[in-house]
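This is a predicted model, so every value here is computed, not measured.
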Amino acid sequence: MNSAVIGVGIDLVRISRVRGILGRWADRFFQRVLSPQETAYCRARRDPAPHVAARFAAKEAAMKALGLGWVGASWREVEIVNAPSGQPQLRVSGRAAARMASLGADNALVSLTHDGDYAAAHVILSRSSPAAEHA
């Protein structure tokens with residue numbers, strides 16, 4: 001498949017920092033930063049902190065790939081959901097979706113990882129080339 005890379009973002013988050021935030025402000029954090037689906041996914045885990053940290057890193061990476069600052073879109077307009085296979089996928093709405101459309105991006109690749117005290121995410125936005133659709 002032919003495609004053009006439109007944007008790339010990467011982010012690293014310290015899990016212990018997220019664990020501290022969740023210890024003090026879990027409900028507020030979930031309501032402000034994660035969607036209901038993301039919240040349910042993370043809270044269903046034995047230790048939610050690494051999963052929350054990875055999703056937070058992915059949101060930051062997506063904002064970077066979109067060329068948006070922290071005020072360019074709300075945290076909940078950038079959502080990390082899982083395909084039936086478990087693969088993370090980017091779902092955008094509102095200003096984030098408008099920005100993605102204005103860039104001409106029609107695909108997003110997301111990679112999450114966590115180990116030790118760190119979680120990281122990488123987001124690549126791309127546009128399928130018209131030639132690839134007819135090949």
Side-chain angles (χ1 to χ4, degrees):
M1 177 171 127
N2 294 332
S3 62
V5 172
I6 302 297
V8 176
I10 188 169
D11 198 63
L12 180 69
V13 173
R14 189 175 299 227
I15 295 169
S16 59
R17 182 170 175 248
V18 170
R19 188 171 277 112
I21 291 167
L22 293 178
R24 292 187 68 184
W25 299 295
D27 290 338
R28 182 175 176 187
F29 181 86
F30 283 125
Q31 289 174 351
R32 290 188 68 191
V33 177
L34 300 183
S35 72
Q37 186 174 350
E38 289 170 311
T39 297
Y41 176 87
C42 293
R43 285 192 162 166
R45 302 294 173 253
R46 182 183 57 79
D47 182 6
H51 302 278
V52 171
R55 274 151 186 74
F56 188 79
K59 289 171 181 273
E60 291 239 355
M63 295 280 205
K64 291 172 183 177
L66 289 165
L68 297 171
W70 287 355
V71 295
S74 79
W75 292 111
R76 290 178 66 170
E77 290 175 345
V78 176
E79 185 178 11
I80 306 302
V81 297
N82 291 84
S85 66
Q87 179 182 15
Q89 297 180 323
L90 180 68
R91 182 170 24 194
V92 292
S93 60
R95 292 172 292 176
R99 175 65 177 166
M100 190 164 164
S102 75
L103 292 172
D106 59 10
N107 188 42
L109 300 171
V110 179
S111 182
L112 309 176
T113 190
H114 47 81
D115 186 38
D117 196 31
Y118 293 94
H122 193 201
V123 173
I124 299 171
L125 302 178
S126 64
R127 175 180 53 237
S128 300
S129 70
E133 295 173 8
H134 303 295

Shortest non-hydrogen contact from [X] toward [Y]:
X: Ala65; Y: Leu103; value: O-CD1, 4.3 Å
X: Ala49; Y: Leu22; value: CA-CD1, 4.0 Å
X: Met100; Y: Asp106; value: CE-C, 4.4 Å
X: Gly116; Y: Ile15; value: O-CD1, 3.7 Å

Using distance only, find each side-chain donor-acceptor pair of residues 50-62 under 3.5 Å and give its atom names and separation, not counting sequence neighbours.
from	atom 1	to	atom 2	distance (Å)
Arg55	NH1	His51	O	3.4
Arg55	NH2	Asn82	OD1	3.2
Lys59	NZ	Val33	O	3.0
Lys59	NZ	Glu38	OE1	3.0
Lys59	NZ	Glu38	OE2	3.4
Lys59	NZ	Trp75	O	2.8
Lys59	NZ	Val78	O	2.5

With the side chain counted from C-beta on, respond yes when [X] and [Y] share a heavy-atom pair under 4.5 Å apart, and no when they do not.
X: Arg99; Y: Val92; result: no
X: Leu66; Y: Val123; result: no
X: Leu90; Y: Ile80; result: yes
X: Phe30; Y: Arg43; result: yes
X: Asn107; Y: Ser3; result: no

(message) Can you confirm whether more than 12 heavy atoms, excluding those of Asp115, are under 6.0 Å from its CG atom?
(response)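 Not buried by this count: 12 neighbours or fewer within 6.0 Å.
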(message) Is there a path of hydrophobic side-chain contacts, each under 4.5 Å between heavy atoms of I/L/V/M/F/W/Y residues, joining Val18 to Trp25?
(response) yes
(request) Check whether Ile124 and Leu112 end up in the same hydrophobic cluster, where Ile, Leu, Val, Met, Phe, Trp and Tyr are linked by side-chain heavy atoms less than 4.5 Å apart. (result)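 Different clusters: Ile124 never reaches Leu112 through Ile, Leu, Val, Met, Phe, Trp or Tyr contacts under 4.5 Å.
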(message) I'd like to check the salt bridge (charged side-chain N to carboxylate O under 4.0 Å, His left out) partners of Arg127; sequence neighbours left out, ordered by chain and number.
(response) none
(request) With sequence neighbours excluded, give me every salt bridge (charged side-chain N to carboxylate O under 4.0 Å, His left out) pair touching residues 81-97. (result) Glu77-Arg95, Glu79-Arg91
(request) Starting from the C-alpha separation in whole Å, work towards a yes-or-no answer on side chain to side chain contact (heavy atoms under 4.5 Å, CB included) for Lys64 and Val8. (result) CA-CA 7 Å; Lys64 291 172 183 177; Val8 176; over 6 Å; no
